[in-house]
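I have placed the structure first, in the form of structure tokens, so that the comments after it can refer back to it.
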There are 2 protein chains.
Amino acid sequence: MAGRPRIFDQGELLSKTIALFWKNGYEATTTNDLLKEVNLNKGSLYNVFKSKKELFKAGLNQMEQTGLDRLEESLEKSTQPIEDLKALFYDMVDASFDEDCKGCILGNSIVEFTGKDDELKELAVLYLKRFESILIKTLQSAQEKGIIKSTLPPSLLSRHLINFWNGINVTRRVYADKKEMKDLIDLNLSFI
Amino acid sequence: MAGRPRIFDQGELLSKTIALFWKNGYEATTTNDLLKEVNLNKGSLYNVFKSKKELFKAGLNQMEQTGLDRLEESLEKSTQPIEDLKALFYDMVDASFDEDCKGCILGNSIVEFTGKDDELKELAVLYLKRFESILIKTLQSAQEKGIIKSTLPPSLLSRHLINFWNGINVTRRVYADKKEMKDLIDLNLSFI
DNA sequence: AGTCTAATTGACCCCAAGGTCAAATATTAA
DNA sequence: TTAATATTTGACCTTGGGGTCAATTAGACT
């Protein structure tokens, strides 16, 4: 029944590994990097995840599922959903000065995997679309409640926000000026 | 003085290699891929370019220098610079259905090299900034001529365009619908 | 205690990657 | 013709990657 007990917590392992993948990209992260990070040996890791790819998938799933669940719930419960939504962007103004400026793992993955690994690309696409659908719902509800002025269709507004998100996660790696970044966000959020 | 003549044209070689880098990314493009593409052997290539990295740099330099020179000149000479500028974006609506949807090599490089190769990242940044400065000049001149309505500073408008560009080069890999893409472009270009 | 089970360890395998180099080759200058 | 020079060729080297596996170990159950 029960053999030797596991030495690691799977959720924690996935958090750490996906953080590394996020920072360095998929290909550039070696199994040895991962092993050092989680203090494990090859065999142990491969005993649970049959390949580097499966490990990445599991890590991304955990990260995005919990992250998007949390986001969705908090926007639903919020008394000021539009303010919260805008904060997602404004928070990046400070985040851009973090020691590692790694962008969004979904955008990064879409760039890295396009033309190389359809399955992993589509996984990132899946979560980006879920992100978008959360935005749509939030905007729709906001329009119904009249707390938003724009009469543009929520689908277009959210598409724009997703696109702006994708852009800024690249652009922030190029320009560090906080004021300029804030102005850019102001401009793009002026639609809502 | 003159020994055995070269069998290849350097400019052509660089075009072909950078096209491959563009399509597959830097790391994922192997020297063998490159050699097959240009019909050469290892030694020949390494006789001219001392490393894969130098080859990439030379290729990117050629591509961007000529591309941006052409863009700058055509915008300067144009009788309808703003229309031309907008066309840069609208042209992507059809480009997004090409067999390989590879985005912008500058954005791709910034994503791939951040945290991995500062020199290559900064090279991509350099050209992206030159792109931006061309946009600034175009917008500035358009404001002076009064062929543009927005009173927003050209620096902000061009930053927005660059950011939009970065975004759409990711987003287009996710959504293929032409109508939606056109609406998105309309929205973002409404500022100018 | 002894047995069963499942996780752990780390040496090992295989391969593909970037890069090197001595020998062969094609041209120009004398 | 011959010497000098520069390019080409492709076998070869080294390194580091993902992945495997037999032996070991730590608990649970009887």
Side-chain angles (χ1 to χ4, degrees), chain A residues 1-14 16-60 109 112-113 115-121 123, chain B residues 1-14 16-60 109 112-113 115-121 123:
Chain A
M1 286 289 172
R4 183 173 177 171
R6 277 206 189 151
I7 207 171
F8 62 89
D9 173 72
Q10 181 149 337
E12 201 177 308
L13 183 155
L14 289 177
K16 283 180 179 172
T17 55
I18 203 65
L20 251 196
F21 279 127
W22 189 4
K23 182 173 163 198
N24 300 328
Y26 177 77
E27 279 296 343
T29 304
T30 71
T31 49
N32 283 329
D33 292 340
L34 294 166
L35 295 170
K36 201 161 35 168
E37 183 78 13
V38 301
N39 245 316
L40 234 51
N41 292 303
K42 276 234 172 92
S44 275
L45 198 65
Y46 277 91
N47 185 39
V48 181
F49 302 96
K50 80 171 204 283
S51 66
K52 185 186 176 187
K53 182 168 166 175
E54 291 303 315
L55 178 58
F56 180 86
K57 281 161 63 179
L60 190 68
S109 296
E112 178 168 5
F113 297 131
K116 270 168 251 161
D117 190 317
D118 249 34
E119 188 188 358
L120 292 185
K121 182 200 165 187
L123 190 64
Chain B
M1 282 296 175
R4 182 171 179 171
R6 277 204 189 153
I7 207 170
F8 61 89
D9 173 72
Q10 181 151 336
E12 202 178 307
L13 184 154
L14 289 177
K16 284 180 180 172
T17 54
I18 203 65
L20 251 196
F21 280 129
W22 189 3
K23 181 173 163 199
N24 301 326
Y26 177 76
E27 280 295 343
T29 304
T30 71
T31 49
N32 283 328
D33 293 339
L34 295 165
L35 295 170
K36 201 161 33 167
E37 183 78 12
V38 300
N39 244 318
L40 233 51
N41 292 300
K42 277 238 170 90
S44 276
L45 196 67
Y46 278 91
N47 185 41
V48 182
F49 302 96
K50 78 171 205 283
S51 66
K52 184 185 177 186
K53 182 169 167 175
E54 291 303 316
L55 178 57
F56 180 86
K57 280 161 63 178
L60 190 68
S109 297
E112 178 167 4
F113 297 132
K116 270 168 250 161
D117 190 317
D118 249 34
E119 189 188 358
L120 292 185
K121 182 199 164 186
L123 191 64

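In the text below, chain A, chain B and the rest are named by the order of the sequence lines, each starting its count at 1. Every heavy atom of this structure was used, including side-chain atoms; hydrogens, water molecules and symmetry mates were not.
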(message) The side chain of T31(B) is closest to which nucleotide in this list: dG18(C), dT25(D), dT7(D)?
(response) dG18(C)
(request) Could you tell me whether the side chain of K42(A) has a donor or acceptor atom within less than 3.5 Å of a complementary atom in the base of dG19(D)? (result) yes
(message) Any N or O donor-acceptor pair under 3.5 Å from the base of dT25(D) to the side chain of R4(A)?
(response) yes
(request) Indicate yes or no: does E119(B) engage K57(B) in a salt bridge with an N to O separation below 4.0 Å. (result) yes
(message) From CG of N47(B) over to C1' of dT20(C), roughly how many Å is that when rounded to an integer?
(response) 12 Å
(message) Between C1' on dT25(D) and CZ on R6(A), what's the gap in Å once rounded to a whole number?
(response) 16 Å
(message) Taking 4.0 Å as the cut-off, does a side-chain nitrogen or oxygen of K52(B) come that near to OP1 or OP2 on dG18(C)?
(response) yes
(message) By the 4.0 Å heavy-atom rule, please label T30(A) as base, sugar-phosphate, or nothing.
(response) sugar-phosphate
(request) Answer with base, sugar-phosphate or nothing: what part of the nucleic acid does F8(B) contact at a heavy-atom distance below 4.0 Å? (result) sugar-phosphate
(request) Whole angstrom is fine here: how far is it from CD in Q10(B) over to P in dT7(D)? (result) 11 Å
(request) Compute both the distance and the angle, then confirm whether K53(B) meets the cation-pi test with Y26(B): under 6.0 Å from the six-membered ring centre, within 45 degrees of the axis. (result) no
(message) Using whole Å, what does the distance between atom P of nucleotide dG17(D) and atom CG of L35(A) come to?
(response) 11 Å
(request) Starting from C1' on dA17(C), measure out to CD on E27(A) and report it in whole angstrom. (result) 12 Å
(message) Measure CG/D117(A) against P/dG18(D) and give the value in whole Å, please.
(response) 14 Å
(message) Using only atom types and a distance under 3.5 Å, with no angle test, would you say the side chain of K42(B) pairs donor to acceptor with the backbone of T31(B)?
(response) no
(message) Counting only heavy atoms not in K36(B) (residues, nucleotides, ligands), do more than 12 fall under 6.0 Å from its NZ?
(response) no
(message) I'd like to know whether S44(B) forms a side-chain hydrogen bond (donor to acceptor under 3.5 Å, both in side chains) with N47(B), so could you lay out the CA-CA distance, the side-chain angles of the two residues, the decisive distance to 0.1 Å, and finally the verdict.
(response) CA-CA 5 Å; S44(B) 276; N47(B) 185 41; over 6 Å; no
(request) Would you kindly give the NZ-to-P distance between K50(B) and dC21(C), to the nearest whole Å? (result) 15 Å
(message) If you assign each of N32(A) and G43(A) to its closest nucleotide in DNA chain D, which residue comes earlier from the 5' end?
(response) N32(A)
(request) Whole angstrom is fine here: how far is it from CG in L40(B) over to P in dG18(C)? (result) 16 Å
(request) Name the residue closer to the 5' end of DNA chain C, choosing between Y46(B) and N41(A) according to the nucleotide with the nearest heavy atom. (result) N41(A)
(request) Describe the nucleic acid contact of I7(A) in one word from base, sugar-phosphate, nothing, applying a heavy-atom distance below 4.0 Å. (result) sugar-phosphate
